[in-house]
Structure formats: structure tokens, C-alpha cells
Amino acid sequence: METLHMEIKDKAWWKEVVIYQVYPRSFKDSNGDGIGDLPGLLSKLDYIQSLGVGLVWLNPVFASPNEDNGYDISNFETIQPEFGTMADINALITGLHARGIKLLLDLVINHTSDQHPWFIESRKSRDNQYRDYYHWWPAEKGEPPKRFSFFDPDQNAWKYDVATDSWYLHYFAASQPDLNWENPVVRQQIYQMIRFWLDKGVDGFRLDAITYIAKDINFPEITEDELKEKYENNWSYYYSKGPKLHEYLHEMNQEVFKGRDMVTIAETPGIEKEDALKFVHEDRQELHMLYHFKGMELGYTHHAFKQPDPEGYKLSEFKKIYSEWSDAFASEGWGTIYLGNHDQPRMLTRWGNDAPEFRLASSKLLTTFLLTMRATPIFYNGDELGMSNIKFEKISDYRDIETLYMYQYIQKQGGDVDQFLRDQQISGRDNARTPMQWDASENAGFTSGESWISINPDHVYINETAQDADSNSPLNYFRKLTALRKEYLELIYGAYTLYDAAHEQVYCYTRTINGSGIMVVLNFSSELVHYQLPEELPLKNSEPLLNNETSLQMEINRLILLPWQALLFELE
Ligand code: TEU
Ligand code: CA
């Protein structure tokens with residue numbers, strides 16, 4: 001172990017940790033109002049420590065009218081009362097640090113809530129001192145050029161405001177007006193706010209929709225053809241190419257992040273792997289890490305909004321994307337990896353198989369993939385238990401504005417809302433937002449009141465209490481893997497090499513330092529698979545280092561893999 005440490009350059013704590021994402025609204029309710037909160041989270045710090053994770057990403061808990069579950073902030077420096085108080089956040093920072101765990105807060109700075117004092121002032125008059133904090137288009141200039149909104153019943157990113165006979169820009173909901181980053185006063189206000197949280201002891205930030213902050217303020221017309229040819233018919237690819245984006249990210253780094261032992265992880269919708277190092281190459285002095293959406297676009301038909309392909313996804317394409325992004329950071333920069341979060345469905349249902357006979361093995365296999373690839377894993381709360389999609393039947397079951405507004409839009413267009421509801425059973429964001437399943441009791445140990453969103457009925461057999469006592473559970477398997485990462489540095493810094501790229505059922509790769517290391521074999525299918533291990537990879541020991549099943553069928557280098565079986569072998 002010692003020798004290995006010496007050889008590795010650019011080691012960093014944030015390359016070695018597993019990130020645990022906590023969605024506070026659905027984690028633990030402490031006062032029976034059916035909404036998860038900070039005192040509830042504080043009561044679960046020992047649980048989080050038991051997972052072996054090193055960094056917690058907390059979704060927004062700041063003052064918010066809560067139209068987009070906290071991503072519409074009305075005050076960046078106060079805590080939303082239903083979540084708790086500033087004292088609770090202080091206790092969270094102290095409590096996590098006392099357990100050797102660091103904390104990331106969510107920085108939502110592409111937009112604010114329309115209830116933020118800045119916007120309330122800005123919309124009052126055209127010469128208000130806050131006017132240029134946002135993007136306004138005076139009506140006398142005629143209709144503004146089309147811009148697409150992700151959360152709007154008309155998909156229109158411009159909203160007319162009679163008070164000043166003008167339109168304002170909102171890439172997300174109308175209650176989330178976009179900030180004008182071209183205004184240096186706005187940038188300085190934001191830098192000051194970030195310093196406020198860093199001075200309180202926060203260890204870094206996840207930066208929300210950060211690729212969208214820079215706008216071409218000439219607001220040129222984007223024709224249908226141009227959108228198709230240049231931007232894959234996807235506005236996020238246009239929105240992520242604002243002219244001064246990297247200038248602002250560099251400025252923010254220089255003015256706030258530089259010289260601090262902290263980490264930044266950017267959500268970067270609309271980028272390709274060729275763009276990645278522009279954001280995270282050390283010499284650029286912008287960000288530490290990012291997460292992209294290329295994997296998340298896999299397995300959709302692209303004929304309709306987030307419509308799952310009935311054929312599912314092709315493993316060869318899955319391997320291609322995650323291998324290319326691993327290679328993008330092979331010698332420079334550093335990547336992240338995830339399969340789910342609060343904007344995506346549960347990874348088990350989307351990428352695995354949540355049928356009763358396969359779900360435990362499948363969940364453990366996906367955990368194996370995330371924690372053995374060459375990138376910092378971002379692991380979503382509840383996935384360590386193998387939680388699945390709730391698959392709501394009715395639109396009234398949903399709480400998420402992305403689903404509710406898209407339903408209204410399809411309805412207005414006379415589209416097939418029933419098909420949309422079937423699609424959302426697989427792809428809807430609310431599938432990831434059902435409460436954490438602590439036990440088999442009526443409300444899963446989440447609340448003593450009525451939950452803000454339905455609890456998945458499978459909590460009677462998929463819950464933390466039952467799995468804590470079961471050595472073969474997904475929960476204890478997760479704990480084994482976080483421990484293994486601390487023992488085998490190859491799993492962190494080892495080079496990644498893919499084998500059998502064309503195999504449509506088995507994902508086989510190695511993680512090596514100076515040729516020695518670990519081989520990972522994953523059967524991404526619900527069938528038995530006969531698999532010949534790569535000849536050129538002699539095993540140190542035919543006994544696997546880790547097996548998510550309790551049996552192994554192996555003769556010399558031939559394996560008969562069980563459905564969703566995951567194996568780690570030490571290489572000679
Ligand atoms: O998401 C930004 C983003 O790109 C999302 O629109 C994403 O593409 C979509 O949700 C996938 O379905 C961030 C936050 O993660 C999300 O929760 C917020 O709703 C959004 O920004 C606005 O703040
Ligand atoms: Ca509560």
C-alpha cells in the first residue's frame with residue numbers, strides 16, 4: 001500500500017471519497033409535518049457515518065416559496081423554516097465534521113425565486129437599481145426571440161410582466177427568473193453570498209445548472225433548422241454555450257474558491273466530453289469536478305419527452321459513454337459518476353431490474369459499478385437500500401413541476417397524456433423523491449404525520465432496519481464496497497481498461513496501478529451468462545475479492561454468471 005501512495009500524482013481527498021446525496025425533503029421528518037427536515041437529518045448522522053462515505057451533498061434548504069422544491073430561492077442566507085434554522089445547519093456542519101465527513105451545499109445561482117427581494121425590486125420599474133439583475137425585453141421591441149423553458153405549460157422562457165410592459169427570461173419556471181450574470185454587481189453579490197457559507201465551515205458546493213448562467217444578450221433568433229443542425233434539437237446545448245461562461249467561472253474561482261481547501265462539483269447540462277477539461281483542468285482554475293447528462297440520455301426514444309425505449313438501453317452504448325468519459329479524465333482533470341439523483345428516476349428501475357427475483361442482485365451490481373469506476377461516485381440516498389420507482393398511476397399523485405407542466409403542455413397540444421403518464425412511471429423525477437424507507441411501519445419510519453408525497457409500498461420489505469441486520473443486503477454490500485475502496489487504492493486512482501466492449505450482457509474492466517490491480521465483472525442482464533475471462537488477465541486468486549451473490553460457478557477462466565452477478569478479482 002505505502003509504495004502505491006508515493007507513485008500517484010495529484011492525489012486529493014475529493015477524488016477518494018464517496019459522495020452521499022441527501023434529499024432533505026424526503027430523508028427524515030422530525031416534527032410530524034410530513035416534510036423531511038434538518039433535525040431529522042441530524043438524527044441520522046451515525047447512519048450516514050456507518051455507510052463509509054466522506055462527503056454529503058445536501059439539496060437546497062434555503063428560504064424558498066418551494067415551487068421547484070427549493071431550487072427557487074428567495075433568500076440565499078436563511079434556512080427555509082420547514083427545514084429548520086441556521087443553528088441546525090451549524091450543528092450539521094459540526095456533526096458531520098466530527099464524524100470525518102465533509103459537507104457540500106447546493107448553489108442555485110442561475111436564477112432566483114420571483115419572490116427574491118432582487119426580483120421584487122427589479123420588476124417595479126425600468127430604472128429600478130435592481131433592474132439589470134435579470135434579463136428584460138421591453139415590449140416595444142416586439143415579441144422576444146423564442147427561448148425554450150424546461151418548466152412551463154407553453155414551454156416559453158419569456159414571461160410578459162405588465163408592471164413595466166416588458167418580458168423577463170426564465171429557462172426554468174416563470175417563478176425562477178434568470179439572473180443577469182453579465183452584470184458585475186450581480187456576480188459580486190453572489191461571490192459575497194458564497195463566502196458567507198464558506199466562512200461557516202461548508203466544504204464546497206454543487207453548482208446548479210451552471211452552464212446556463214452566461215447569455216448572449218443580443219438574444220439572436222435561433223431557427224428550428226439551426227437548433228436541429230447545431231444543437232441536436234436540444235436547447236440545453238445552446239444554453240450551455242453562453243459567450244462568457246468560462247470567464248465567469250474563472251473569475252468566481254479567483255475571487256472565492258482560490259486558496260481554500262474546498263471542492264466544487266458543477267451540474268453541466270448541455271456539454272460534450274470534448275468540453276469537459278475546459279471546466280476542470282487544473283490550469284484553467286475554474287472548477288474541480290462536473291457531472292454530465294450523456295449517460296442519462298441513453299435508453300430514451302427521443303420521440304417524446306423522456307420516453308423510455310421499450311427495448312431498453314444497449315449495454316455496448318452504456319459502456320461506450322462511461323468509458324469515453326473515463327478516458328476524458330485519464331491523465332488530466334477528474335470525473336464524477338452517477339446513475340441517479342433527485343432529477344432522475346431510481347437507478348435500480350432505470351438501469352437494473354426491479355423485479356422481486358432480480359432487484360437485490362441488480363441493486364448491488366449498480367453499486368459495484370459506481371464505486372469501482374475511475375471517478376468520484378455521487379450516490380443518491382436510498383439507492384444503498386435498492387429503492388425502486390413508485391410508478392404513480394395518476395397525475396394527481398405527482399408533485400414535481402417538470403411533470404405537472406409537461407402534462408399541461410401535452411394536454412394543450414392535444415397530445416397523448418396517458419402515454420406521457422406511462423412514460424413518467426419510468427422517467428419521472430418524483431420516482432426519486434419518495435421518502436427514505438427506514439422501516440416497515442406504516443410511514444416507513446420517515447414521518448409520524450402525513451408525508452408530502454406517497455411512500456413506496458415496497459418499504460414493507462425494502463427498508464434500512466431489515467437490511468442492517470442482513471449481511472447480504474444491498475446496504476451492507478454498500479458498506480463493504482466503501483471499505484474496499486479505502487483498502488485498494490487501485491479502485492480510486494487505478495487506470496481504467498475496458499474489455500469485450502461489444503458484449504451486450506457483460507461489462508468487464510480492470511483498475512490497475514503498474515499492471516497490478518483488480519478486475520471487475522458485471523452481468524448487466526437477467527440471464528445466466530457463460531463468460532470467458534480475458535486470457536491476458538491472470539488472477540492472483542480464483543476466490544473473488546467480492547461477490548454480490550452467495551455462490552460462484554467458475555472453471556479455470558470460464559464463469560457461469562448468475563443474473564446481475566457482480567464480481568471483483570485480484571489480478572496477479
Ligand atoms: O437541474 C437542471 C437541469 O438541467 C434539469 O432541468 C434537468 O435537466 C432535468 O431536471 C432533468 O429532468 C437543476 C436541478 O438539479 C433541478 O432539480 C432543478 O429543477 C433545476 O436545476 C432548476 O433549478
Ligand atoms: Ca418536518
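Every number for a ligand or one of its atoms is a count from 1 in the order of the listing. What you see is a predicted model, and the numbers here were worked out from it, not measured in a lab.
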Aromatic ring centroids of F62 and W197 under 6.0 Å? yes
Output the list of atoms in ligand 1 that are nearer than 4.0 Å to some heavy atom of R429, sorted by atom number. 10 (O), 12 (O), 16 (C), 17 (O), 18 (C), 19 (O)
Are any non-hydrogen side-chain atoms of T403 and I395 less than 4.5 angstrom apart? yes
Give yes if a backbone or side-chain nitrogen or oxygen of Y291 is under 3.5 Å from a nitrogen or oxygen of ligand 1, and no if not. no
Could you tell me how the ring of F318 sits relative to the ring of F369: parallel (under 30°), tilted (30 to 60°) or perpendicular (over 60°)? tilted
Among F172, F150, Y171, the residue with a heavy atom nearest to atom 20 (C) of ligand 1 is F172
Could an N or O of ligand 1 be found under 3.5 Å from any N or O of D68, whether backbone or side chain? yes
Are F150 and F172 an aromatic pair, judged by ring center distance below 6.0 Å? yes
For the metal site, I want the angle between atom OD1 of D29 and atom O of I35 with the Ca ion (ligand 2) at the apex, to 10°. 80°
Is the distance between the ring centroids of W158 and F219 less than 6.0 Å? yes
Taking both backbone and side-chain atoms of H111, is any N or O found less than 3.5 Å from an N or O belonging to ligand 1? yes
I need the nearest protein heavy-atom contact for atom 11 (C) of ligand 1: residue, atom name and distance, please. K306 NZ, 3.4 Å
Verdict with supporting geometry, D72 and S64, side chain to side chain donor-acceptor pair (under 3.5 Å): CA-CA 6 Å; D72 46 322; S64 167; 3.0 Å; yes
Atoms of ligand 1 close to H342 [distance to a heavy atom under 4.0 angstrom, numbered from 1]: 14 (C), 15 (O), 16 (C), 17 (O)
Which part of M296 is near ligand 1, with near meaning a heavy atom under 4.0 Å away: side chain, backbone, both or neither? neither
Residue and atom name of the nearest protein heavy atom (relative to atom 1 (O) of ligand 1), distance in Å to one decimal: E267 OE2, 3.0 Å
for atom 14 (C) of ligand 1, nearest protein heavy atom and its distance come out as D208 OD1, 2.9 Å
Just checking, any donor-acceptor pair under 3.5 angstrom between side chains of Y248 and E182? yes
For ligand 1, which atoms have a heavy atom of E402 less than 4.0 angstrom away? 9 (C), 10 (O), 11 (C), 12 (O)
CZ (R25) and CZ (R433) are apart, to the nearest 0.5 Å, by 10.0 Å
What are the atoms of ligand 1, with element, lying closer than 4.0 Å to any heavy atom of F151? 19 (O)
Protein residue, atom and distance nearest to atom 8 (O) of ligand 1, heavy-atom basis: F293 CE2, 3.7 Å
Heteroatom of D37 nearest to the Ca ion (ligand 2) (N, O or S, atom name): OD2
Among I265, I210, I190, I194, exactly one meets side chain to side chain contact (heavy atoms under 4.5 Å, CB included) together with L107. Which residue is that? I194
Give, rounded to 10 degrees, the angle between OD1 (D33) and OD1 (N31) as seen from the Ca ion (ligand 2). 80°
Counting from 1 in the order shown, the ligand 1 atoms closer than 4.0 Å to a non-hydrogen atom of P269 are 4 (O)
Considering only heavy atoms, does D343 approach ligand 1 within less than 4.0 Å through its side chain, its backbone, both, or neither? both
Cation-pi check for Y168 against R131: NZ or CZ below 6.0 Å from the six-membered ring centre and within 45 degrees of the axis, yes or no? no
Report, in ascending order of atom number, the atoms of ligand 1 lying under 4.0 Å from any heavy atom of R206. 14 (C), 15 (O)
How are the rings of Y134 and F119 set to each other: parallel, tilted or perpendicular (split at 30° and 60°)? perpendicular
Which label fits W118 and H116: parallel for a plane angle under 30°, tilted from 30 to 60°, or perpendicular past 60°? tilted
